[in-house]
Amino acid sequence: MVVTGQELELVPCVQRRRPGRSGLGVALRVLRCGLGATLIAAAPIHASAAKANLKAGLPVNPRAPHQKYQLAPRGKIRYEHEIRDKDWRQSYRTKEVGEDKKTLIQRLRKGSTPARELAKAAALLQQRRLLSTPQEYTLVIKVLGKLGLYEEAKLLLVDMERMDIQPSIINYCAVLKAFALNKQWRATIEFISDMWEDGRIRPDVVAYSIAISACEKAGRWKEALQLLADMEERGIAPDTIVYNAAISACAKGGHVDRALQLLAAMPARGLNPDVITYNAVMNACAKSGQWDTAMGLLRDMRAEELNPDTTTYNVAMNACEKNRLGLETLRLLIDMYDFQVDPNHYTYNTAISACRKAGLWDEALELLTEMTEGGIRMDGHSYASAIAACRDDWEQALGLLARMEVEVVMPDVVVYGAVISVCEKAKQADLALTLLNQMGVSMLEPDLVTFNSAISAVEWAGMWESALSLLQEARNRHVHLDQRSYSAAIGACGRGGAWARALQLFSGMRSNYVAPDRIAYDSVLRACEAGGEWKTACKLLQTMQVEGIDPDLAVISVVAHTCDKGGAVEQATQLHDRVHDIKSKRWEGIQRRREEKWEGRQQSLRDGRQERKDRRQQRRLARRSRREEEWSEWDSEPVQTEF
């Protein structure tokens with residue numbers, strides 16, 4: 001057996017023979033443990049033999065040659081001849097004389113029993129051979145699965161056969177549950193294969209459902225679909241639970257088409273999708289960004305008279321939030337009130353984030369107030385989304401941060417990053433630096449987003465020294481800087497007049513494995529403009545074109561102004577002509593688009609007139625044909641003459 005995650009003191013299990021109890025096999029003992037418990041197998045040995053071996057300085061159990069050494073409590077190795085003499089004199093058979101089978105079973109069934117006591121009770125039940133029914137073995141297997149001892153749970157099936165107790169499918173499913181509980185998806189598949197090879201117990205729908213659920217939790221969608229196909233090949237009809245697990249596996253793997261195919265195949269097999277099925281498929285659509293498909297599935301649920309729950313609406317809102325559809329999210333929230341579905345904090349967090357991404361800032365703050373009035377406790381994510389919705393209102397953002405302290409909600413890195421971002425938009429550099437220092441006092445490690453917001457805040461103020469110190473602090477904290485970090489720092493140096501430092505930072509980007517982008521080039525060219533370095537600006541413009549970055553009108557204008565400032569008349573004239581050509585081409589493009597738009601509008605008007613003319617002609621022909629039919633019917637009627 002394997003000792004996992006604990007510092008144990010292994011003591012040989014001394015077995016005393018009782019009258020009529022020979023050949024007890026392997027004895028299990030529970031030893032000292034911390035968070036969990038581990039069952040240790042030792043070969044049986046007589047007490048007299050153990051005592052003689054100890055006195056002679058020999059190993060306690062020579063019939064267990066694989067046990068050459070044992071673990072001590074503090075990680076040291078304790079050899080068998082160093083074990084205290086009193087250890088072999090006592091065993092749990094004598095210590096726990098007062099505990100009977102009923103007490104041990106009740107201890108296993110009690111939910112509040114500590115892990116150590118659970119393992120101890122399970123070991124005593126097997127050591128004393130007190131397990132006599134398949135139901136009792138199922139209980140012990142479940143307990144071992146909760147303790148992480150799935151291999152020991154599997155060995156209990158062998159112990160049942162040795163005790164002449166025929167295992168049932170329930171026992172096998174309990175072992176599969178132990179494997180699935182410990183994320184052993186490969187072991188579940190192998191166990192089902194062993195069941196088919198053995199032939200005594202055939203896997204049923206429950207067994208396959210447990211195995212597919214194990215694959216689903218591990219994200220192994222291919223194995224889940226293979227198990228589903230194996231069921232159908234062997235003539236086992238899957239139920240709704242099996243399909244739900246397979247659909248969830250496809251959703252975690254990001255395969256929306258397969259999830260939709262499984263949903264469409266359920267009615268053909270006589271299965272009706274339930275709310276869990278639709279939630280799984282909608283979750284797959286949300287992860288892939290197909291919000292319209294998710295909304296269509298929500299309409300299908302209502303058409304089939306299924307009542308969507310809170311999870312259904314949360315998944316639909318998540319799909320809309322990823323596509324920045326704030327109004328659709330608000331409509332879903334109104335539908336929840338209409339259908340009397342209670343929203344939770346995740347619902348409001350998603351709605352606030354969707355409104356913020358869609359630019360509905362006031363609606364996001366109103367949702368925060370509605371969340372408070374509804375008695376739903378806000379978490380850090382709620383406050384982070386609400387603070388981000390403040391835009392440049394730094395006073396309101398600080399008010400929300402102070403409100404978190406009143407409601408005993410600890411702000412995290414995301415919350416501080418949102419507040420610093422608001423300070424950046426409001427151009428409050430000193431306040432952003434104060435908040436960054438406050439993060440250090442609160443034992444929080446700033447991330448890349450926080451550093452970028454702080455550097456961008458000091459960029460507007462031209463505090464290039466603070467920008468450089470923030471860059472150095474980020475390097476000291478092993479934060480990998482990106483293009484935005486360097487661009488903001490270069491911009492700060494340019495605004496502060498330190499163009500030499502800006503060029504130094506720009507040249508150091510490649511040595512730090514950061515490729516300059518258009519924004520970085522724009523920042524360093526503006527720094528060159530402030531310093532009048534027209535030669536460097538022209539070289540950077542050429543390098544920019546060589547690297548495949550097409551300079552826009554603003555960049556060329558900056559270089560032209562730099563050349564004017566440095567007295568390079570010829571280069572400035574060429575660049576101004578280039579700017580003029582770009583503006584002319586842009587104006588020609590605008591005119592061409594306007595003409596195309598006008599021509600398209602005129603063509604649509606002509607098409608509309610022709611379509612209306614055709615409809616009028618068709619109505620005339622229809623009236624004429626009806627009139628001719630009426631005349632033909634009147635002419636065909638016989639004329640009756642009265643005399």
Side-chain angles (χ1 to χ4, degrees), residues 314 317-318 320-327 329-330 333 343-461 466 470 474 479 484-485 488:
N314 289 344
M317 286 184 178
N318 187 23
C320 296
E321 184 261 343
K322 289 184 177 180
N323 290 274
R324 302 175 181 270
L325 300 174
L327 294 177
T329 308
L330 294 177
L333 190 60
N344 53 17
H345 71 282
Y346 183 82
T347 309
Y348 278 101
N349 291 347
T350 308
I352 292 172
S353 179
C355 292
R356 176 182 62 83
K357 291 181 179 180
L360 305 175
W361 314 104
D362 298 333
E363 287 78 1
L365 296 176
E366 289 178 1
L367 286 175
L368 184 66
T369 305
E370 182 180 342
M371 187 177 181
T372 307
E373 294 176 353
I376 300 176
R377 181 176 175 81
M378 295 181 293
D379 55 0
H381 185 72
S382 307
Y383 279 103
S385 300
I387 290 171
C390 294
R391 291 177 291 178
D392 56 351
D393 192 354
W394 60 273
E395 295 180 350
Q396 188 174 9
L398 291 180
L400 291 173
L401 184 62
R403 182 177 169 184
M404 292 183 67
E405 298 179 358
V406 174
E407 296 185 0
V408 198
V409 179
M410 295 299 297
D412 55 0
V413 179
V414 180
V415 174
Y416 273 105
V419 180
I420 294 175
S421 178
V422 173
C423 295
E424 171 207 348
K425 296 174 183 176
K427 301 181 181 180
Q428 298 290 328
D430 296 332
L431 186 57
L433 294 177
T434 303
L435 290 170
L436 191 64
N437 294 330
Q438 187 176 350
M439 290 182 65
V441 175
S442 303
M443 304 300 292
L444 293 174
E445 290 288 337
D447 57 356
L448 177 62
V449 178
T450 309
F451 274 112
N452 287 346
S453 300
I455 296 172
S456 299
V458 300
E459 177 191 1
W460 292 103
S466 300
L470 287 173
V479 177
R484 185 187 173 188
S485 310

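Within the 4.5 Å cutoff, no side-chain heavy atoms of L398 are placed close to those of E395. When side chains are defined from C-beta on, V419 does not count as touching L400, because their heavy atoms never get closer than 4.5 Å. Contact check for M439 versus V413: side-chain heavy atoms found under the 4.5 Å cut-off. Counting only heavy atoms from C-beta outward, the side chains of D379 and N349 approach each other to under 4.5 Å. At least one side-chain heavy atom of S456 sits less than 4.5 Å from a side-chain heavy atom of R484. L401 places a side-chain heavy atom less than 4.5 Å from the side chain of P411. Residues L333 and M317 form a side-chain contact, since some pair of their non-hydrogen atoms from C-beta on lies under 4.5 Å apart. Within the 4.5 Å cutoff, no side-chain heavy atoms of T347 are placed close to those of I376.
With values rounded to the nearest 0.5 angstrom, Q396 atom CD is found 10.0 Å from I387 atom CD1. Going from atom CG of D412 over to atom CD of E445 covers 14.0 Å, rounded to the nearest 0.5 Å. In this structure, OG1 on T350 lies 8.5 Å from CG on N344, to the nearest 0.5 angstrom. A distance of 10.0 Å separates CG of N318 from CG of N323, quoted to the nearest 0.5 Å.
Between R391 and V422, the shortest heavy-atom distance links the atoms O-CG1, 3.2 Å. When all heavy atoms of A384 and V415 are compared, the pair lying nearest together is CB-CG2, 4.1 Å. I455 approaches S485 most closely through the heavy-atom pair CG2-O, 4.0 Å. Between V479 and F451 the shortest heavy-atom distance is CG2-CE1, 4.2 Å. For the residue pair R356 and A388, the shortest heavy atom distance occurs at CD-CB, 3.0 Å. Closest heavy-atom contact between A386 and I352: N-CG2, 3.9 Å.
Heavy atoms of other residues, nucleotides or ligands lying less than 6.0 angstrom from CH2 of W460 number 12 at most. The environment of K322 atom NZ is dense: over 12 non-hydrogen atoms of other residues, nucleotides or ligands sit within 6.0 angstrom. At most 12 heavy atoms of other shown residues, nucleotides or ligands fall within 6.0 angstrom of atom CZ in R324.
In this structure a side-chain-to-backbone donor-acceptor pair under 3.5 Å is missing from W394 to D392. The closest donor-acceptor contact from the side chain of R377 to the backbone of E407 lies under 3.5 Å. Side-chain N or O atoms of S421 include none that pairs as donor or acceptor with a backbone N or O of G417 at under 3.5 Å.
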_Let's go through C355 and T329 carefully: what are the C-alpha distance in whole Å and the side-chain angles of both, what is the deciding distance for side-chain contact (heavy atoms from CB on, under 4.5 Å) to 0.1 Å, and is it a yes or a no?_
CA-CA 8 Å; C355 292; T329 308; 5.7 Å; no

_Could you go through L330 and L367, starting from their C-alpha distance and side-chain angles, then the distance that decides it, and tell me whether this counts as side-chain contact (heavy atoms from CB on, under 4.5 Å)?_
CA-CA 10 Å; L330 294 177; L367 286 175; 3.9 Å; yes

*Under the side-chain contact (heavy atoms from CB on, under 4.5 Å) rule, what do Y348 and M378 come out as? Steps first, then yes or no, please.*
CA-CA 9 Å; Y348 278 101; M378 295 181 293; over 6 Å; no

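Defined by atom type and a distance below 3.5 Å, a donor-acceptor pair is present between the side-chain atoms of T450 and D447. Judged by distance alone, the side chains of S353 and E321 do bring a donor and an acceptor atom under 3.5 Å apart.
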